Amino acid sequence: MNQAILPLILAFSWAFLIAIFAVPSIIRVAHLKNILDQPNFRTVHESLTPRLGGLAVFAGFMSALTIFGDLSNGVQQLLAGCIILFFIGLKDDLVSISALKKFAVQLLSTGIVMFMADIRITSFQGIFGIGELQIGVSYMFTFLVIIGVTNAVNLIDGLDGLAGTIVMIIAATFGIFFYLYGGQAYGNYAAVAFCMIGGLLGFLRYNFHKATIFMGDTGSLLCGFIVSILAIQFIEMRQMPAAPTVALGVLFVPLFDTLRVSFIRILKGVSPFVPDKNHIHHRLLAMGFNQITTVVILGFINLMVIIFVVNFSAWGNLNLLLSLLGFSVVLSIILGVYKSRGANQRLSSKV
């Protein structure tokens with residue numbers, strides 16, 4: 001046990017130290033070169049802030065994993081996909097690129113892990129009575145999962161410390177399961193998770209409110225991509241009853257936020273890709289919570305959902321799925337009620 005955990009401790013520590021020492025230099029260079037994020041109607045920050053924190057996370061994660069990690073079982077291809085996403089995210093943070101170009105690069109990274117490493121969801125494990133998937137369906141569904149989760153994490157990155165905190169909770173959950181139950185086939189993904197945690201923890205030292213640096217697309221795309229692969233490998237490991245629904249629970253906050261916002265936009269007759277201030281963190285801020293409290297609330301919600309799905313996984317996929325759906329509806333109603341009250345207060349103040 002001690003021998004197995006030592007490489008994880010070393011990998012975590014290396015990633016943490018690289019990130020925490022890299023961030024101040026990145027901040028200094030960003031200010032010198034005027035590579036700063038401009039506040040706009042959607043952002044909650046009010047001053048010019050660097051958005052290249054993903055550089056530090058990437059440096060810590062990549063160096064730690066290549067030194068201390070086992071690159072077999074698809075991890076090498078995962079790193080290749082991360083490198084490609086890193087450069088497109090960096091370009092977007094520096095000069096801004098179209099959504100189509102970002103999608104094309106995500107498609108390339110996804111193709112590398114699916115076709116070269118054969119990382120894919122092969123079974124629904126009984127959800128709606130569906131078991132093993134035909135290979136074409138397997139590839140298509142895996143593609144949707146990777147793209148969906150990657151962009152869900154990207155969208156949740158709208159508050160100081162939020163994306164980093166949520167991704168750390170998710171990575172820690174998957175990492176513990178891979179460490180305990182991964183064996184020869186999946187055990188090396190524990191190192192992937194702990195390298196991610198170390199890099200993020202070093203970055204978060206400078207990212208909590210008031211943040212002196214943001215993650216940017218460089219970091220959020222990288223984190224989302226890694227988390228999506230961890231989720232797929234967790235499902236394929238099949239060490240828990242109802243593994244697919246447990247994975248949904250682990251990813252609850254980013255998935256709930258993305259699906260809720262997209263649904264509301266469609267109901268309004270606008271594209272689900274049109275940005276607005278209706279994300280869950282925007283709603284909590286509108287209720288009167290400050291940024292730190294909002295991050296704590298969302299982290300607590302995600303953690304409680306994880307504890308629930310892990311402890312009640314024996315209920316089976318369908319029952320767990322219905323429970324998550326029920327909780328999502330209740331949470332959406334609460335957010336909607338407070339929105340209505342806020343609107344009514346503003347209306348009454350004008351009368």
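Quantities reported herein were computed from a predicted structural model and do not represent experimental measurements. FYI, side chains are in, hydrogens and waters are out, and symmetry mates aren't considered; it's all heavy atoms of this structure.
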Rounding to 0.5 Å, atoms CD1 (I264) and CG (L335) come to a distance of 8.0 Å
Closest non-hydrogen atom pair, A190 against Y179: CB-N, 3.7 Å
Identify the two heavy atoms, one from L255 and one from A152, that lie closest to each other, and give their separation to 0.1 Å. CD2-CB, 4.3 Å
Under 4.0 Å between a Lys/Arg side-chain N and an Asp/Glu carboxylate O for R120 and D118? yes
Just so I know, are the side chains of I119 and M114 near enough to count as touching, which here means a heavy-atom distance under 4.5 Å? no
Are V145 and I121 packed together at the side-chain level, in the sense that at least one heavy-atom pair is separated by less than 4.5 angstrom? yes
Taking all heavy atoms of F178 and all of Y186, pick out the closest pair and write down the distance. CD2-O, 3.6 Å
Working note: V329 + I333, criterion side-chain contact (heavy atoms from CB on, under 4.5 Å); need CA distance, chi angles, decisive distance, verdict. CA-CA 6 Å; V329 171; I333 291 171; 3.9 Å; yes
Donor-acceptor contact present, side-chain D93 to main-chain T218, <3.5 Å: yes
Does Q134 offer a backbone N or O that forms a donor-acceptor pair with the side chain of S138 under 3.5 Å? no
Where the side chain of S228 meets the backbone of F225, is there a donor-acceptor pair that is under 3.5 Å apart? yes
Side chain to side chain contact (heavy atoms under 4.5 Å, CB included) partners for L94, two or more places apart: I35, L52, L90
To check you understand the geometry: which heavy-atom pair defines the closest contact between D160 and N207, and what is its length? CB-O, 3.3 Å
What residue pairs, at least two apart or across chains, pass ring-ring contact (aromatic ring centres under 6.0 Å, His included) with a residue in residues 104-123? F115-Y139
Just how far is it from atom CG of L78 to atom CD1 of I229, taken to the nearest 0.5 Å? 6.0 Å
Can you name the side chain to side chain contact (heavy atoms under 4.5 Å, CB included) partners of F124, sequence neighbours left out? I127, I130, L133, F141
Is there a donor-acceptor pair closer than 3.5 Å between any side-chain N or O of T66 and the backbone N or O of S63? yes
Flag, side chain of T212 to backbone of Y206, donor-acceptor distance under 3.5 Å: yes
Partner residues of L71 under the side chain to side chain contact (heavy atoms under 4.5 Å, CB included) criterion, sequence neighbours left out: L65, V75, Q76, L79
Do S109 side-chain atoms and G81 backbone N/O form a donor-acceptor pair below 3.5 Å? yes
Sequence neighbours excluded, every pair satisfying salt bridge (Lys or Arg N to Asp or Glu O under 4.0 Å) that has a member inside residues 212-229: K102-D217
R260/R283 under side-chain contact (heavy atoms from CB on, under 4.5 Å): CA gap, chis, key distance, verdict: CA-CA 12 Å; R260 173 185 165 274; R283 294 304 320 129; 3.4 Å; yes
Sort out for me which residue in L284, T293, L303 forms a side-chain contact (heavy atoms from CB on, under 4.5 Å) with L298. L284
What's the spacing between N154 CG and M215 CE if we round to 0.5 Å? 10.0 Å
To the nearest 0.5 Å, tell me how far L221 CG sits from N151 CG. 7.0 Å
List the steps, then state whether ring-ring contact (aromatic ring centres under 6.0 Å, His included) holds for F308 with W315. CA-CA 11 Å; F308 172 77; W315 282 9; 5.6 Å; yes
List the steps and the verdict of side-chain contact (heavy atoms from CB on, under 4.5 Å) for F143 and L107. CA-CA 8 Å; F143 166 76; L107 183 63; 3.2 Å; yes
Surrounding CE of M304 (heavy atoms of other residues, nucleotides or ligands, distance under 6.0 Å), is the total greater than 12? yes
According to the side chain to side chain donor-acceptor pair (under 3.5 Å) rule, which pairs have a member within residues 234-259, sequence neighbours left out? T122-E236, T122-R238, E132-R238, T245-N317, D257-H279
Nearest 0.5 Å please: distance from the CG atom of L251 over to the CG atom of N302. 8.0 Å
List the atom of L200, the atom of C223, and the distance in Å for their closest heavy-atom pair. CD2-SG, 3.8 Å
Test your reading of the model: is there a side-chain donor-acceptor pair from D157 to the backbone of L162, 3.5 Å cut-off? no
Verdict with reasoning, F327 to F252, per ring-ring contact (aromatic ring centres under 6.0 Å, His included): CA-CA 10 Å; F327 179 62; F252 179 78; 5.4 Å; yes
Kindly give the heavy-atom pair with the smallest separation between F61 and C82, and that separation in Å. CE2-SG, 4.3 Å
Donor-acceptor check, side chain of S328 to backbone of L324, threshold 3.5 angstrom: yes or no? yes
Counting only N and O atoms by type, is there a donor-acceptor contact under 3.5 Å from the side chain of Y189 to the main-chain atoms of N73? yes
When rounded to the nearest 0.5 angstrom, what is the spacing between CG in L285 and OG1 in T294? 4.0 Å
